[in-house]
Amino acid sequence: MRKSSINKSQFGFYFVVPYFITFLIFGLTPIIYSLYLSFMKWDGFSDPVFVGLANYTRLLQDTFFLKSIGNTLIIWVLSIVPQLILALILAMILNEKFIRGKHFFRAVFYFPNIVTPVTLGVLFSLMFDWQTGSVNKLLMGIGLIDDPVNWFNSPWLARLIVAGVIMWQYFGFNMLVFIAGLQSIPHELYEAAEVDGASRWDIAIKITLPLLKPVLLFTFITSIIGGLQLFDAPLMLGNGPDNSTLTMVMYLYQTAFKNFDYSYGAAIAYAIFVIILIFSLISIKFSKMNKVEQ
Amino acid sequence: MKKWLSILFAAVLILSLFAGCSNSEKSTSSKDKKSDNKTAQKVEGKLTIWTFFGQVKDMAAEFEKKYPDAKVEVKIFPGDQYQTKLLNVLQSGKGVPDIFDLERGYIDKFINSKYVVNLSDMGAEDLVKDYVPYVQALGRDAKGDVRAISDHSSPGGFWYIKENAKKYLGTDNPDEISAMVDSYDKIIELGKKVNKESNGKVHLISHFGDIYNIEAYNTKPWVKDGKLTIDPAWKENYKVQQEIFNNDVDAKLEFFSAGWGNAINDGSVVLTAMPAWASFMVDNKDDKAKDKFGVAATPKGFYMGGTYRSIYEKSENKDLAYKFIEFIAGKEWQQHNLEATGNMPGLLTVYKDNLETFKSPMFGDQNILKPYYETVKDIPGLKPDKYGEEVLSKWRKVAGQGIKDKDDINNVIEKFKKEVKNTFPELNVD
Amino acid sequence: MKANNSIVETGLAGNNGKTKKTINVKKSLAKFAVYFFLILVAFTCLLPFYSMMVTSSHANSDIARKLLLVPGREFVENYKRLIDTVPIWRGFANTIFITVSSTVLSLYFSALAGYGFSKYNYKGKNILFMAVLGTMMIPGQLGIIGFFKLMDTFNMLNTYWPIILPSISNAFGIFFMKQMCDSSIPTEILESGRIDGCGELKIFHRLVLPLLMPSLATLGIFSFIGKWNDFLTPMIILFDNELQPLPVMIAMVKSQFSTDFGAMYVGIVISVIPILIFFSIVSKKIISGVTAGALKG
């Protein structure tokens, strides 16, 4: 050994440098620049003018932004709750040994997850179009309804559809996560329970669920960070009646890149950041509590 | 040795990061040099045009036919991203086309910016002096100078399938039909009758929203001196629209929705209010729409949309670009365009020349320029402002929702004011 | 499997004291219900795709009026109208180019940095690692407006650089690869490499990367899917239609063909079918990758 490994330590530093350089250029600088813009008035047609906190005071009175926060949270809850329940049930079924064609089912359930959200948004907006969409035609065909339902005319129906699309896209992914969690539960526990004569139902309720609780909670809480950034699919489905499906990031996009109010858009971006930060802190606290419990 | 390697490695990494930037910086540094505008006798050179509208290709082809030494490259950007893209290149000043198309909906922002040439200085007043007043006015900036010119006008009328009109209205004569629907009251009464006689299968008009389109430019501007003004006509229109909606006078098919497009062809709507340029919505495969349609006048004249053309302030080909604008503002092109696509001209003189002669296969023997000419020349000419279109679209949205929800007009106005205030905090809405 | 069932059977039999036959009936009923449920969910997963394919092959007037259950004959017509204005195959190629190059960059540099954090000790390492983790909290949209303006000053608007290069800084990737290096790269191997006189970078390339291959495959799937769906950045950075990736083209299709459902459906079909084929070939790998990623992440 000519040199000990300690002398090589500077290489470790070189190896992480590309990350930091790239982040500095493409990550941090734009973020700081956005901050600067948020103190300006700039519409893209003229030069930026300093306006101080005006964008932020405007934001505080902006009922549409408030509404978009509410919409985002509502859509998130509407999609995450049924999504996790469905994913959990499917994961437990597919974890049973007697089921055949496990791989087929997993693949089919997971498939919607890899289709581009924009594509899904367009597809569903077409299917739920109240005059020409296939959903109404189908429902009328089976005789469930007599007249076409104008899906995007009621705020709650519209939100349900957006939430439905998101649930439909992600339940397969969460199912795989749960299957992974199930597989990490030691076999001895099941075997012991079976020896004790517990039924399958008992095992599911008394052993599997409690052991899976941390994974469940973790998925629930971490999903909010993604949920708060909902954008592609809702954008394709539109603002909904009375702006009921306008999400925060959609509002940011429309303000900055449709109305060209770049500076106000930058302020909205920072507000979204603060909201996500708050939820992230809460989620970190939760997962720590969880660890303590265990 | 190894140290040397590591430094090299880091250097390569950093260099590779910047390679992209330094290369492109070099290539653009020469761009700002302005070529001096020596007026060439021969019309030659190369133009780039950006548009969202496919038919501009034909325009370029005709121009090249007339000036064989000129070359025109047309780039078409379909979809609603066009506006953003255009603003992006204008801001960065790189890859900007010589000429760009602007839609009526957002023209004001662009022609009041520093990016477009003042066409009045280049002699454009001459080009537009015989124009339809409203078309001419829309290309003017806040000071009144011409900054953009369109080659067409976009008047609208009630399109109808003749057979259908005979069945439900008892006639397919455009003048008689125009007289039957020259007021909203008449439309509502007639609509009730059509609805009843067809057992609710057929409706007189497509959507109560047609009233917005008709009234849009027949009402007072929304914003005056920084204050939001709601023309009292909108209150009355709201009542009319409620009547239309509640009595199923309309088929509840929103303008340019798929169902709407379908209804034009299958006749489930008797009178479709649409602009002259929308003829491509008609299914004319194997000439099946030949002699099928008629056009009648709406209660008030209206227009919809319009494509305007501006020259980039820093273009190196301003003279050639102006030649192009001159070409599309001229009789020759507008006559050709009318014959080829049925798009209505911008020049009143072209209207007059064709009034008694122009016929379109789709409309059989009808002199379709007549109903359009009568209405289009009287549409008030208003300069575009920053607010008009967006405030109108908010009104459409809020009032439209109110009608569906059977909401009180005063509530609607309150909600509307809130939306306007939110997007334009600088406006006085009370 | 057999043993398991029999245990439950005896359990049930012991509790209820019924004959074996009724239990079998009950059991197969329950099995049937379970399969029915699975098939029902699978059906709802596939139905929209079936409907999309069927609808894409009909004329607009039929789409507007009828419930369509079997394929029609208008696909080529619809396809022609779509291709006239939207170069969708070009978008496909663009997406593949962007996704592959981003994924390669992301994987290489994530592995490199993860390795750098895992196997070396230097001043400030822990602070730097915490900084990496901290950047994971920043939502992607925060800098988007500044990003646009900055790329403008770099002359990078309308190029792929701003879309591909940021892949180098993949915080989740670094975190994931550090965990992998911690657990699956024995330090002895590195030492032996050093004794043989290999440079540090060579050690990384020759010894570490091969060992990391399985984890790289897992991470690669995540990066690939994420990049494949990237929508906002290309939409604001790229102007040329020719350069747009697939998701932006699909959005374009929607705003362009507002009344032409046939063409829109064809666009959607084109964006989905290749993924469907790709997925059905490598679905085992993808799913095990996601499962593995879920366990570690």
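Letters go in sequence order (proteins before strands), and every chain restarts at 1. All heavy atoms count here, side chains included; hydrogens, waters and symmetry mates do not.
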*Asks:* With respect to chain A, which residue among C/Ile275, C/Ile225, C/Leu128, C/Leu150 yields the maximal number of heavy-atom pairs within a distance under 4.5 Å?
*Replies:*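 Among C/Ile275, C/Ile225, C/Leu128, C/Leu150, the one with the most close pairs to chain A is C/Leu128.
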*Asks:* At a 4.5 Å cut-off on heavy atoms, which part of A/Val249 comes close to chain C: side chain, backbone, both, or neither?
*Replies:*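 For A/Val249, the contact with chain C is made by the side chain alone.
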*Asks:* Checking A/Thr116 against C/Ile250 for the side-chain contact (heavy atoms from CB on, under 4.5 Å) test, could you report, in this order, the C-alpha distance in whole Å, the side-chain angles of both residues, the deciding distance, and whether it holds?
*Replies:* CA-CA 10 Å; A/Thr116 313; C/Ile250 293 297; over 6 Å; no
*Asks:* Under 4.5 Å from any heavy atom of chain A, what part of C/Ile236 do you find: side chain, backbone, both or neither?
*Replies:* side chain
*Asks:* Is any side-chain heavy atom of C/Tyr120 less than 4.5 Å from a side-chain heavy atom of A/Gln10?
*Replies:* no
*Asks:* Can you tell which part of A/Thr219 gets under 4.5 Å to a heavy atom of chain C, answering side chain, backbone, both or neither?
*Replies:* neither
*Asks:* Indicate, with yes or no, if the rings of C/Phe109 and A/Tyr19 have centres closer together than 6.0 Å.
*Replies:*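 No: the rings miss the under 6.0 Å criterion.
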*Asks:* Pick one of side chain, backbone, both or neither for C/Leu190, based on which atoms fall under 4.5 Å of a heavy atom in chain A.
*Replies:* neither
*Asks:* Return the NZ to CG distance between A/Lys137 and C/Leu69, rounded to the nearest 0.5 Å.
*Replies:*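 Here the interatomic distance stands at 11.5 Å.
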*Asks:* For residues 268-281 of chain A, which side-chain donor-acceptor pairs fall under 3.5 Å, sequence neighbours excluded?
*Replies:*
| residue | atom | partner | partner atom | Å |
| --- | --- | --- | --- | --- |
| A/Tyr270 | OH | A/Ile31 | O | 2.7 |
| A/Ser280 | OG | A/Ile276 | O | 2.7 |

*Asks:* For each of C/Ile63, C/Leu38, C/Asn170, tally heavy-atom pairs with chain A at distances under 4.5 Å, and name the one with the top tally.
*Replies:* C/Leu38
*Asks:* Run the side-chain contact (heavy atoms from CB on, under 4.5 Å) check on A/Val108 and C/Val41 step by step: do they pass?
*Replies:* CA-CA 9 Å; A/Val108 169; C/Val41 178; over 6 Å; no
*Asks:* Step by step, work out the side-chain contact (heavy atoms from CB on, under 4.5 Å) result for C/Lys149 and A/Tyr36.
*Replies:* CA-CA 12 Å; C/Lys149 192 73 182 125; A/Tyr36 157 81; over 6 Å; no
*Asks:* Measure the shortest side-chain to side-chain distance between A/Phe26 and C/Ser167 over non-hydrogen atoms and say whether it is less than 4.5 angstrom.
*Replies:*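 The answer is no; the side chains never approach within 4.5 Å.
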*Asks:* Looking at A/Gly12, A/Ser263, A/Gly141, which has the largest count of heavy-atom pairs under 4.5 Å with chain C?
*Replies:*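 Option with the top pair count is A/Gly12.
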*Asks:* Taking the six-membered ring for Trp, are the ring centroids of C/Phe279 and A/Phe111 within less than 6.0 Å of each other?
*Replies:*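 When the ring centroids of C/Phe279 and A/Phe111 are compared, they turn out to be within the sub-6.0 Å range.
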*Asks:* Tell me, for C/Leu142 versus chain A, whether the close heavy atoms (under 4.5 Å) come from the side chain, the backbone, both or neither.
*Replies:* both
*Asks:* What residue in A/Tyr110, A/Phe104, A/Phe109 has the most heavy-atom pairs under 4.5 Å with chain C?
*Replies:*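 Heavy-atom pairs under 4.5 Å are most numerous for A/Phe109.
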*Asks:* Of all residues at least two apart in sequence or in a different chain, which pass the side-chain hydrogen bond (donor to acceptor under 3.5 Å, both in side chains) check with C/Ser169?
*Replies:*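 For C/Ser169, no residue satisfies side-chain hydrogen bond (donor to acceptor under 3.5 Å, both in side chains) once neighbours in sequence are set aside.
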*Asks:* Is A/Ile89 close to chain C through its backbone or its side chain, or both, or neither, when contacts mean heavy atoms under 4.5 Å?
*Replies:*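 Just its side chain gets close to chain C.
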*Asks:* Identify the heavy atoms of C/Ile168 and A/Pro18 that sit nearest to each other, and give their distance.
*Replies:*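 Taking C/Ile168 first and A/Pro18 second, the nearest heavy atoms are CG2-O, 4.0 Å.
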*Asks:* With a 4.5 Å cut-off on heavy-atom pairs, point out which of A/Asn113, A/Val115, A/Leu94, A/Ile114 contacts chain C the most.
*Replies:* A/Ile114
*Asks:* So, taking the atom named CG in C/Leu232 and the one named CD in A/Gln229, what distance separates them when rounded to the nearest 0.5 Å?
*Replies:* 10.5 Å
*Asks:* Could you tell me which non-hydrogen atom of A/Met127 sits nearest to which non-hydrogen atom of C/Ser51, and how far apart they are?
*Replies:*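 Between these two residues, the closest heavy atoms are SD-OG, 4.1 Å.
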*Asks:* What part of A/Asp129 gets closer than 4.5 Å to chain C, counting heavy atoms only: side chain, backbone, both or neither?
*Replies:*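 Just its side chain gets close to chain C.
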*Asks:* Less than 4.5 Å apart, side chain to side chain, heavy atoms only: is that true for A/Ile25 and C/Phe154?
*Replies:*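 SC-SC contact between A/Ile25 and C/Phe154 confirmed.
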*Asks:* Taking side chain as everything from C-beta outward and backbone as N, CA, C, O, which of these in C/Tyr115 sits under 4.5 Å from a heavy atom of chain A? Side chain, backbone, both or neither.
*Replies:*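 For C/Tyr115, the side chain is the part near chain A, not the backbone.
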*Asks:* Between chain A and each of C/Ile174, C/Val272, C/Leu46, C/Thr135, count heavy-atom pairs under 4.5 Å; write down the option with the most.
*Replies:*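 The answer is C/Thr135.
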*Asks:* Checking heavy atoms, do the side chain of A/Leu37, its backbone, both or neither come under 4.5 Å from chain C?
*Replies:* side chain
*Asks:* Quick one: does C/Ile145's side chain get under 4.5 Å of A/Phe257's, heavy atoms only?
*Replies:*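 Yes, at least one pair of side-chain atoms sits under 4.5 Å.
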*Asks:* Is it the backbone or the side chain of A/Phe124 that comes under 4.5 Å from a heavy atom of chain C, or both, or neither?
*Replies:*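 Just the side chain, heavy atoms under 4.5 Å.
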*Asks:* Heavy-atom distance under 4.5 Å to chain A: side chain of C/Leu276, backbone, both or neither?
*Replies:* both
*Asks:* Could you tell me if the side chain of A/Leu126 sits less than 4.5 Å from the side chain of C/Ile268, heavy atoms only?
*Replies:* yes
*Asks:* Under a 4.5 Å heavy-atom cut-off, does chain A meet the side chain of C/Lys284, its backbone, both or neither?
*Replies:* both
*Asks:* Using non-hydrogen atoms only, which part of A/Phe231 is less than 4.5 Å away from chain C: side chain, backbone, both, or neither?
*Replies:*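 Contact with chain C involves the side chain of A/Phe231 alone.
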*Asks:* Side chains of C/Met235 and A/Tyr253: closer than 4.5 Å at any heavy-atom pair?
*Replies:* yes
*Asks:* Is C/Phe37 close to chain A through its backbone or its side chain, or both, or neither, when contacts mean heavy atoms under 4.5 Å?
*Replies:*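 The side chain, not the backbone.
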*Asks:* To check you understand the geometry: which heavy-atom pair defines the closest contact between A/Pro30 and C/Gly143, and what is its length?
*Replies:* CB-O, 3.5 Å
*Asks:* Among the options A/Leu235, A/Leu252, A/Leu123, A/Ile93, pick out the one with the most heavy-atom pairs lying under 4.5 Å from chain C.
*Replies:*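 Most pairs with chain C among the choices: A/Leu123.
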*Asks:* Relative to each other, are the rings of A/Phe15 and C/Phe204 parallel, tilted or perpendicular (30° and 60° limits)?
*Replies:*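 A/Phe15 and C/Phe204: tilted rings.
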*Asks:* Between C/Val253 and A/Val122, is a side-chain contact (heavy atoms from CB on, under 4.5 Å) present by the stated rule, with each step listed?
*Replies:* CA-CA 9 Å; C/Val253 167; A/Val122 177; over 6 Å; no
*Asks:* Would a line drawn from the ring center of A/Trp168 to the ring center of C/Phe49 be shorter than 6.0 Å?
*Replies:*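 Close enough - the centres of the two rings lie under 6.0 Å apart.
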*Asks:* Is it the case that more than 12 heavy atoms not belonging to A/Tyr190 sit under 6.0 Å from its OH atom?
*Replies:* yes
*Asks:* Heavy-atom distances under 4.5 Å only: say whether A/Leu28 touches chain C with side chain, backbone, both or neither.
*Replies:* neither
*Asks:* Has A/Tyr170 got more than 12 heavy atoms of other residues, nucleotides or ligands less than 6.0 Å from its OH?
*Replies:*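 It does not: A/Tyr170 OH has 12 such atoms or fewer within range.
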*Asks:* When you compare the side chain of A/Thr29 with that of C/Phe147, does any pair of heavy atoms fall below 4.5 Å?
*Replies:* no
*Asks:* Taking all non-hydrogen atoms of both residues, which atom of C/Ala113 and which atom of A/Val16 are closest, and how far apart?
*Replies:* O-CG1, 3.6 Å
*Asks:* By a 4.5 Å heavy-atom criterion (distance strictly below it), what part of C/Leu246 contacts chain A: side chain, backbone, both, or neither?
*Replies:*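 Neither; nothing under 4.5 Å.
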*Asks:* To the nearest 0.5 Å, what is the distance between CG (C/Leu47) and OG (A/Ser134)?
*Replies:*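 If we round to the nearest 0.5 Å, C/Leu47:CG and A/Ser134:OG are 8.0 Å apart.
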*Asks:* Where does C/Asp230 contact chain A at under 4.5 Å (heavy atoms): side chain, backbone, both or neither?
*Replies:* neither
*Asks:* What part of A/Ala256 gets within 4.5 angstrom of chain C, counting heavy atoms only: side chain, backbone, both, or neither?
*Replies:*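 A/Ala256 touches chain C through side-chain heavy atoms alone.
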*Asks:* To check you understand the geometry: which heavy-atom pair defines the closest contact between C/Ile287 and A/His103, and what is its length?
*Replies:*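 Closest heavy-atom pair between C/Ile287 and A/His103: CD1-CE1, 4.3 Å.
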*Asks:* With only heavy atoms counted, which part of C/Val248 is less than 4.5 Å from chain A, the side chain, the backbone, both or neither?
*Replies:* neither
*Asks:* Specify whether A/Phe105 and C/Tyr35 have parallel, tilted or perpendicular ring planes, treating 30° as the upper limit for parallel and 60° as the lower limit for perpendicular.
*Replies:* tilted
*Asks:* Heavy-atom distance under 4.5 Å to chain A: side chain of C/Ser271, backbone, both or neither?
*Replies:* side chain
